[in-house]
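Single-structure report; data block below.
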Amino acid sequence: MSDPTSIELPTGSLKERCERFGIPWLDEAPDLDLELAARLSPDTAVRLRIVPYAVKDGWARAIMADPMDLSAADEASASLGLPVQREGIDTERFNDLVRRAYGTTAARMAEDLAGEADDNDYEHNLDAIEADDIHRMAEQPTLINLVNLLLIEAIQSRTSDVHVEPFESELKIKYRIDGELVEQSPPPKHLQPALIGRIKIMSGMNIAERYVPQDGHITLRVEGRKVDIRVSTVPTLYGESVVMRILDKSSLPLDLKSLGMAQDNRDTMDRMIAKPHGMVLVTGPTGSGKTTTLYACLSKLYDPRKKIITIEDPVEYELAGINQMPVNPKRGLTFATGLRAILRQDPDVILVGEIRDGETADISIRSALTGHLLLSTLHTNDAISSIGRLVDMGVEPFLVASVLEGVLAQRLGRRICQECREEITIDRDPRLSDAEWELLDGRAFRGAGCPACNQTGTRGRVGFFELIGIHNTLREAIASGTSTSELKKLSNERYRSMRQDGIQKVADGVTTIDEVLRATQDVEDEI
């Protein structure tokens with residue numbers, strides 16, 4: 001017999017819980033009454049995760065991210081002056097509704113803050129503003145809401161970096177979305193000291209120091225999840241330039257399939273990282289997704305019976321169950337000194353954020369030789385060049401041959417939006433080889449543009465990969481000092497370059513020819 005004082009907590013999916021409690025569930029996004037939605041301030045709507053969209057029979061019909069949140073419904077009801085009928089919808093459609101109802105509010109709020117600024121405001125001497133005045137302006141509630149909304153809009157639009165750039169007569173705001181900077185509606189120039197001051201306060205920087213670079217950190221709670229933001233400022237001619245790197249773990253694909261890696265490459269990668277010792281490298285330029293790939297490997301390797309330690313600069317995402325160490329050169333903690341300390345921690349798997357110098361390379365090689373699996377990154381254009389880079393750093397070729405299990409090179413390209421993807425017929429592209437053109441057979445895909453991708457035709461990014469597993473013939477060639485061009489010829493028969501991998505993704509409707517050629521143009525290909 002059940003305890004009469006106990007309360008049965010709702011279980012199951014959100015849709016199932018709504019159905020159990022008689023709360024309407026919408027399968028499609030409804031039309032919005034923007035006047036009704038505007039009766040809730042943007043920061044209130046985002047904080048409560050609610051969008052009122054219509055009035056019917058004296059009730060405000062409102063879609064909620066969590067229709068079980070009665071306190072949020074009560075607060076919205078008080079603001080609207082109407083009782084609220086709670087309704088549910090899936091997360092993606094809810095986020096689209098928020099953008100439709102409140103997505104441009106940061107720009108509108110900035111316009112409201114502008115007031116009647118005259119032209120002389122653009123020419124005032126920023127150096128003459130006292131730190132106390134900036135602090136006072138930055139603590140104004142409306143200014144606080146403006147900065148919060150800028151960040152929330154950026155997070156909801158899948159932005160990786162927010163750029164605040166001061167110029168002589170304007171202050172530019174840009175979001176980097178899927179690798180491309182997109183300019184936003186600019187706030188008034190005279191808000192520059194207060195807006196940048198507010199960001200510096202939030203990130204724990206010295207607001208009075210405006211002539212040296214500073215680094216800081218912000219942690220936000222958005223839609224029930226934690227988002228970390230790394231902040232960097234540098235002094236420029238017309239004020240401080242600010243870049244905020246948004247680290248949203250919920251948007252991080254922690255498996256190789258989600259990153260776009262083909263099945264045969266995933267099988268090879270799985271075999272390499274399953275070995276008890278050795279070295280696996282991921283190469284590519286900054287911003288090519290190397291760290292994300294390594295995190296996906298660590299997630300696959302995670303086992304409570306294994307000791308996994310990383311040393312990174314900086315730690316970009318916190319991974320559950322894994323010991324992560326940030327480098328701190330100011331206090332003498334470099335990759336090399338940290339790696340020496342890690343070896344005394346009895347690790348099974350070690351991740352070194354980057355092999356930058358001969359000392360780190362030497363310790364990494366010896367770590368892999370003494371019974372540890374070591375994962376790391378290098379800055380090289382293609383996979384096979386990493387062997388020559390290690391030798392250039394002073395590592396003996398026979399040691400490289402002994403420990404190296406495989407090298408992955410990668411680039412990132414924009415992914416076609418799957419909501420509006422359409423097949424098209426294409427003319428012969430002179431940039432493609434005969435084999436590539438034969439694979440495409442005169443057809444490709446593009447995104448027509450839709451609300452899901454903000455009419456851009458692309459949504460998210462996909463990796464182009466080149467994976468070389470080190471087999472016995474290749475080991476012997478590496479140990480004997482064979483040239484890079486000869487090593488590439490000895491790669492196994494299933495070897496695909498990044499460009500070939502990308503063209504296959506064009507044929508599969510994942511990306512476009514232009515994206516593949518743009519991303520792989522710095523790699524010399526022999527097809």
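As a basis for the values below, the full set of heavy atoms in this structure was taken, side chains included, without hydrogen atoms, waters or symmetry mates.
Closest of all the heavy-atom pairs between Asp501 and Phe465 is OD2-N, 2.9 Å. Of all heavy-atom pairs between Ala452 and Cys417, the closest is CB-SG, 4.5 Å. Annotation for Ala296 and Leu256: closest pair CB-CD2, 4.0 Å, computed over non-hydrogen atoms. Across every non-hydrogen atom of Gln192 and Leu171, the tightest pair is CA-CD2, 3.8 Å. Contact between Val282 and Lys290 at its shortest, heavy atoms only, is O-CD, 3.6 Å. Listed here is the closest heavy atom pair of Pro235 and Pro213: CD-N, 3.9 Å.
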Practice problem: For the pair Thr268 and Asn265, evaluate side-chain hydrogen bond (donor to acceptor under 3.5 Å, both in side chains) and give the outcome as yes or no after the intermediate values. | Solution: CA-CA 5 Å; Thr268 303; Asn265 278 347; 5.2 Å; no

Quiz item: For Met325 and Ile342, what are the C-alpha separation, side-chain angles and deciding distance, and is it a side chain to side chain contact (heavy atoms under 4.5 Å, CB included)?
Solution: CA-CA 9 Å; Met325 180 194 305; Ile342 284 173; 3.8 Å; yes

Practice problem: Test side chain to side chain contact (heavy atoms under 4.5 Å, CB included) on Gln324 and Glu312 and set out the steps. | Solution: CA-CA 7 Å; Gln324 295 173 271; Glu312 306 171 57; 3.1 Å; yes

Quiz item: Are Leu301 and Lys306 close enough, and set up right, to give a side chain to side chain contact (heavy atoms under 4.5 Å, CB included), and what steps lead you there?
Solution: CA-CA 9 Å; Leu301 284 169; Lys306 289 181 178 178; 4.1 Å; yes

Quiz item: For Glu180 and Lys174, what are the C-alpha separation, side-chain angles and deciding distance, and is it a salt bridge (Lys or Arg N to Asp or Glu O under 4.0 Å)?
Solution: CA-CA 10 Å; Glu180 188 172 81; Lys174 299 176 183 177; over 6 Å; no

Quiz item: Is there a side-chain hydrogen bond (donor to acceptor under 3.5 Å, both in side chains) between Asp508 and Gln504 once you walk through the steps?
Solution: CA-CA 6 Å; Asp508 295 338; Gln504 181 60 57; 3.2 Å; yes

Self-check item: Residues Glu466, Gln410; criterion side chain to side chain contact (heavy atoms under 4.5 Å, CB included); working and verdict
Solution: CA-CA 6 Å; Glu466 172 184 289; Gln410 66 180 72; over 6 Å; no

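Salt bridge annotation for Arg496-Asp264: present, with a cationic side-chain nitrogen under 4.0 angstrom from a carboxylate oxygen. Looking at Arg461 and Glu515, no side-chain N of the basic residue comes within less than 4.0 Å of a carboxylate O on the acidic one, giving no salt bridge. Electrostatic pairing of Arg431 and Asp514 counts as a salt bridge here, judged by a charged N lying under 4.0 Å from a carboxylate O.
Using a 4.5 Å cut-off on side-chain heavy atoms (C-beta onward), Ser364 and Ser376 make no contact. Side-chain contact between Arg459 and Arg158 is present, with heavy atoms from C-beta onward closer than 4.5 Å. The shortest distance between side-chain heavy atoms of Asp313 and Glu354 does not fall below 4.5 Å. In this structure the side chain of Thr337 never reaches within 4.5 angstrom of the side chain of Arg331, judged on heavy atoms. The shortest distance between side-chain heavy atoms of Ser367 and Leu374 falls below 4.5 Å. Residues Leu298 and Leu351 form a side-chain contact, since some pair of their non-hydrogen atoms from C-beta on lies under 4.5 Å apart. Within the 4.5 Å cutoff, the side chain of Pro276 has no heavy atoms near those of the Leu373 side chain. For the pair Val227 and Leu151, the minimum side-chain heavy-atom distance is 4.5 Å or more.
Separating the CZ atom in Phe445 from the NZ atom in Lys505 is a distance of 15.0 Å, to the nearest 0.5 Å. Residue Met205 holds its CE atom at 9.0 Å from CD1 of Ile199, rounded to the nearest 0.5 Å. Between the CG atom in Leu281 and the OG atom in Ser386 there is a gap of 5.5 Å [rounded to 0.5 Å]. Between the CD1 atom of Ile144 and the CG atom of Leu149 there is a distance of 12.0 Å, given to the nearest 0.5 Å. For the atom pair OG1 (Thr293) and CG (Leu254), the distance works out to 10.5 Å, reported to the nearest 0.5 Å. Atom CD1 of Ile350 sits about 10.0 Å away from atom CD1 of Ile311, to the nearest 0.5 Å.
Using a 3.5 Å distance cut-off with no hydrogens or angles, the side chains of Asp267 and Gln263 do pair a donor with an acceptor.
Heavy-atom contacts from other residues, nucleotides or ligands closer than 6.0 Å to CD of Glu318 number 12 or fewer. No more than 12 heavy atoms of other residues, nucleotides or ligands shown are found within 6.0 angstrom of NZ on Lys300. By the neighbour-count criterion of 12 heavy atoms within 6.0 Å, atom CG of Asp392 is densely surrounded, having more than that number from other residues, nucleotides or ligands.
With hydrogens and angles ignored, the 3.5 Å screen pairs a side-chain donor or acceptor of Lys200 with a backbone N or O of Glu209. Not a single donor-acceptor pair under 3.5 Å links the side chain of Asn454 to the backbone N or O of Thr456. The closest donor-acceptor contact from the side chain of Glu316 to the backbone of Thr291 lies at 3.5 Å or more, if one exists at all. Formation of a donor-acceptor pair under 3.5 Å by the Glu170 side chain with backbone atoms of Glu168 is not found in this model. Between the side chain of Arg415 and the main chain of Thr511, no donor-acceptor pair closer than 3.5 Å is present. Remark: the backbone N or O of Asp248 is not paired with any side-chain donor or acceptor of Lys226 at under 3.5 angstrom. Under the 3.5 Å distance criterion, the side-chain polar atoms of Ser160 are left unmatched by any main-chain donor or acceptor of Ile246. Remark: the backbone N or O of Ala154 is paired with a side-chain donor or acceptor of Thr159 at under 3.5 angstrom. A donor-acceptor pair is defined here as one N or O able to donate and one able to accept, closer than 3.5 Å; such a pair exists between the side chain of Asp255 and the backbone of Lys257. In this structure a side-chain-to-backbone donor-acceptor pair under 3.5 Å is missing from Asp178 to Arg414.
In summary, of the residues considered (Arg389, Lys488, Arg411), a salt bridge (Lys or Arg N to Asp or Glu O under 4.0 Å) with Asp382 occurs for Lys488 alone.
Within the cation-pi definition used here (under 6.0 Å to the ring centroid, within 45° of the axis), Lys172 qualifies as a partner of Phe167.
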